[in-house]
Engineer: 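Got a structure here, written out as structure tokens. Questions coming.
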Amino acid sequence: MRIVLLGAPGSGKGTQAKRLQEDRGWPQVSTGDLLRDAVSAGTPMGLRARAAMDAGELVADEVVLGIIKDRLGSADAGRGYILDGYPRNLAQAEALDGVLAELNQTLDAAVLMDVPHELLMKRLTGRRTCSKTGKLLNIHFSPPEELQACIDAGGELLQRDDDREATIDNRLEVYRRQTEPLIEYYRGRNLLSVVTAHGSIDEVYAGLVGVLDDAAFAGRGA
Ligand code: AMP
């Protein structure tokens, strides 16, 4: 299946996309991860992207489109993929339609991960990655023994640069202004499903799989 995951920063798109990738074999295509890799590697694209990312703004559409085109055309995306963090505004959604047409592909579903605003802030400010194991954790919600396991393994709990409070406010505002209109865009194409995304990871995943199976059953995908 070819899926767009929509949702505010902190709605759990990345966590759920990783799980879906493991379960179903469709690669997670996260523009945020691809941009962070480019920034770490110091590529020209990374240098262009960095200032916008640090400010919580969107990176220029043409930079992100270049990444997406390469990625969706690659061999492992042949059976499907999960777009996590793309598109993020109407121009990107229209550009994506163009790329799909070129590749002779169609989308099967756009899933909105719906989370109340108050929870997003806690999820984002608390989010950490274990430097040793790469595990995603949250200082507010992860069981203490999981946080301790990272420390005991000699790891550190790292915070993403753009998960600081001032940047988070801006990222949420950018989402509201630029990304939320995509909900209507995909509803109008009869592709939208909504998943309640404030339960446990397992509950949210069950909801996600449920709507994807419904979409596949409705003849939108396989
Ligand atoms: P994420 O990991 O999806 O929250 O993305 C982190 C940051 O990467 C965002 O705040 C943007 O600065 C940038 N970014 C990720 N995806 C896109 C996109 N589709 N368009 C523009 N900027 C993006």
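For clarity, every value in this text was computed on a predicted model and none was experimentally measured. All residue numbers refer to positions in the sequence shown, counting from 1.
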Engineer: Would you call L120 and P9 a side-chain contact if the rule is heavy atoms closer than 4.5 Å?
Structural biologist: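 No, every pair of side-chain atoms sits at 4.5 Å or beyond.
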
Engineer: Tell me whether E165 at atom CD has more than 12 heavy atoms from other residues, nucleotides or ligands lying less than 6.0 Å away.
Structural biologist: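 No, the 6.0 Å shell around CD holds no more than 12 heavy atoms from other groups.
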
Engineer: What do you reckon, is CD of E156 surrounded by more than 12 foreign heavy atoms closer than 6.0 Å?
Structural biologist: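 Open: at most 12 neighbouring heavy atoms sit under 6.0 Å from CD of E156.
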
Engineer: Look up atom CE in M45 and atom CZ in R50, then write down how far apart they are to the nearest 0.5 Å.
Structural biologist: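 The CE atom of M45 sits 14.0 Å away from the CZ atom of R50.
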
Engineer: Do M113 and T196 touch side chain to side chain, with heavy atoms closer than 4.5 Å?
Structural biologist: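 In short, these two side chains do not touch, never coming nearer than 4.5 Å.
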
Engineer: Determine the minimum heavy-atom distance between C150 and S131, stating which atoms define it.
Structural biologist: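 That would be SG-N, 4.4 Å.
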
Engineer: In terms of side-chain geometry, is the basic nitrogen of R19 or D202 positioned less than 4.0 Å from the acidic oxygen of its partner?
Structural biologist: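 Salt bridge present between R19 and D202.
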
Engineer: Between K13 and L6, is any pair of side-chain heavy atoms under 4.5 Å apart?
Structural biologist: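 No - every pair of side-chain heavy atoms lies 4.5 Å or more apart.
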
Engineer: With heavy-atom distances below 4.5 Å as the criterion, would you say the side chains of I139 and R128 are in contact?
Structural biologist: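 Touching, per the 4.5 Å side-chain cut-off.
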
Engineer: Side chain of T179, backbone of R88: donor and acceptor closer than 3.5 Å?
Structural biologist: yes

Engineer: Taking NZ in K18 as the centre, count heavy atoms belonging to other residues, nucleotides or ligands within less than 6.0 Å. Is the count above 12?
Structural biologist: yes

Engineer: E57 versus V174: any side-chain heavy-atom pair under 4.5 Å?
Structural biologist: yes

Engineer: Specify the closest pair of heavy atoms between N170 and A55, including all atoms of both residues, with the distance to one decimal.
Structural biologist: ND2-O, 2.9 Å

Engineer: Using the rule that Ile, Leu, Val, Met, Phe, Trp and Tyr join whenever any side-chain heavy atoms are under 4.5 Å apart, tell me whether L172 and M53 fall into a single cluster.
Structural biologist: no

Engineer: Would you compute the distance between atom CD1 of I3 and atom CG of D84 and round it to the nearest 0.5 angstrom?
Structural biologist: 11.5 Å

Engineer: Ignoring hydrogens, what is the shortest heavy-atom contact between G46 and V39? Give both atom names and the distance.
Structural biologist: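 In this case the closest contact between G46 and V39 is O-CG2, 3.6 Å.
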
Engineer: State the OG1-CG distance between T129 and L157, to the nearest 0.5 angstrom.
Structural biologist: 9.0 Å

Engineer: Would you indicate whether the side-chain heavy atoms of T125 and I168 approach each other to under 4.5 Å?
Structural biologist: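 A side-chain contact under 4.5 Å exists here.
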
Engineer: Could you walk me through whether Y86 and L65 pass side chain to side chain contact (heavy atoms under 4.5 Å, CB included), step by step?
Structural biologist: CA-CA 9 Å; Y86 190 91; L65 181 61; 3.6 Å; yes

Engineer: Is there side-chain contact between F141 and L119, with heavy atoms separated by less than 4.5 Å?
Structural biologist: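 Yes, side chains in contact.
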
Engineer: Are L100 and L192 connected in a single hydrophobic cluster, I mean Ile/Leu/Val/Met/Phe/Trp/Tyr linked by side-chain heavy atoms less than 4.5 Å apart?
Structural biologist: yes

Engineer: What about V204 and V115, same hydrophobic cluster or not, with Ile/Leu/Val/Met/Phe/Trp/Tyr joined at side-chain heavy-atom distances under 4.5 Å?
Structural biologist: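 The answer is no; the residues belong to distinct hydrophobic clusters.
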
Engineer: How long is the span from the CD atom in Q21 to the CD atom in Q16, to the nearest 0.5 Å?
Structural biologist: 13.0 Å

Engineer: How long is the straight-line distance from CG of L182 back to CG of L112, given to the nearest 0.5 Å?
Structural biologist: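 Rounded to the nearest 0.5 Å, the CG-CG separation comes out at 10.5 Å.
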
Engineer: Using distance alone, with no hydrogens and no angle criterion, decide if Q159 and R127 have a side-chain donor and acceptor under 3.5 Å apart.
Structural biologist: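 There is no such pair (donor and acceptor under 3.5 Å, judged by atom type) between the side chains of Q159 and R127.
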
Engineer: Do the numbers put R189 on top of the ring of Y185, so that NZ or CZ is under 6.0 Å from the six-membered ring centre and no more than 45° off the axis?
Structural biologist: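 Yes, R189 lies over the aromatic ring of Y185.
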
Engineer: Can you give me the closest heavy-atom contact between R79 and R24, atom names plus distance?
Structural biologist: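 In this case the closest contact between R79 and R24 is NH2-O, 3.6 Å.
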
Engineer: Checking side-chain polar atoms at under 3.5 Å, does S74 have a donor or acceptor matched by the opposite partner on R71?
Structural biologist: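 S74 vs R71: donor-acceptor pair found between side chains.
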
Engineer: Can a salt bridge be assigned to the pair R177 and E173 using a cut-off of 4.0 Å between side-chain N and carboxylate O?
Structural biologist: yes

Engineer: Under a 4.0 Å threshold between the charged nitrogen and the carboxylate oxygen, would D163 count as salt-bridged to R36?
Structural biologist: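 Here R36 does not pair with D163 in a salt bridge, since their nearest N and O are not under 4.0 Å apart.
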
Engineer: In sequence, state the C-alpha distance, the side-chain angles, and the governing distance for D54 and D161, and then conclude on side chain to side chain contact (heavy atoms under 4.5 Å, CB included).
Structural biologist: CA-CA 7 Å; D54 284 349; D161 285 342; 4.3 Å; yes

Engineer: Is there a donor-acceptor contact under 3.5 Å linking the side chains of D23 and Y205?
Structural biologist: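 Yes, Y205 and D23 have a side-chain donor paired with an acceptor closer than 3.5 Å.
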
Engineer: If you group Ile, Leu, Val, Met, Phe, Trp and Tyr by side-chain heavy-atom gaps below 4.5 Å, do L158 and L124 land in one group?
Structural biologist: no

Engineer: May I ask you to decide if R123's main-chain N or O and N138's side chain share a donor-acceptor pair within less than 3.5 Å?
Structural biologist: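 A pair under 3.5 Å: yes.
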
Engineer: Show the nearest heavy-atom pair for residues Q178 and L58, with the distance to one decimal.
Structural biologist: OE1-CD1, 3.5 Å

Engineer: Knowing that exactly one of L5, I82, T15 qualifies, which makes a side-chain contact (heavy atoms from CB on, under 4.5 Å) with L20?
Structural biologist: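 The passing option is I82.
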
Engineer: Working to the nearest 0.5 angstrom, can you tell me the gap between Q105 CD and L103 CG?
Structural biologist: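 Going from the CD atom of Q105 to the CG atom of L103 covers 4.5 Å.
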
Engineer: Closest heavy-atom contact between D108 and R2?
Structural biologist: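 Result for this residue pair: OD2-N, 2.6 Å.
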
Engineer: Should we count CG of L90 as having more than 12 external heavy atoms under 6.0 Å?
Structural biologist: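 It does: L90 CG has more than 12 such atoms within range.
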
Engineer: A side-chain contact here means heavy atoms from C-beta on lying under 4.5 Å apart; do T31 and V59 qualify?
Structural biologist: no

Engineer: Tell me whether V194 is reachable from L107 by hopping between hydrophobic residues (I, L, V, M, F, W, Y) whose side-chain heavy atoms are closer than 4.5 Å.
Structural biologist: yes

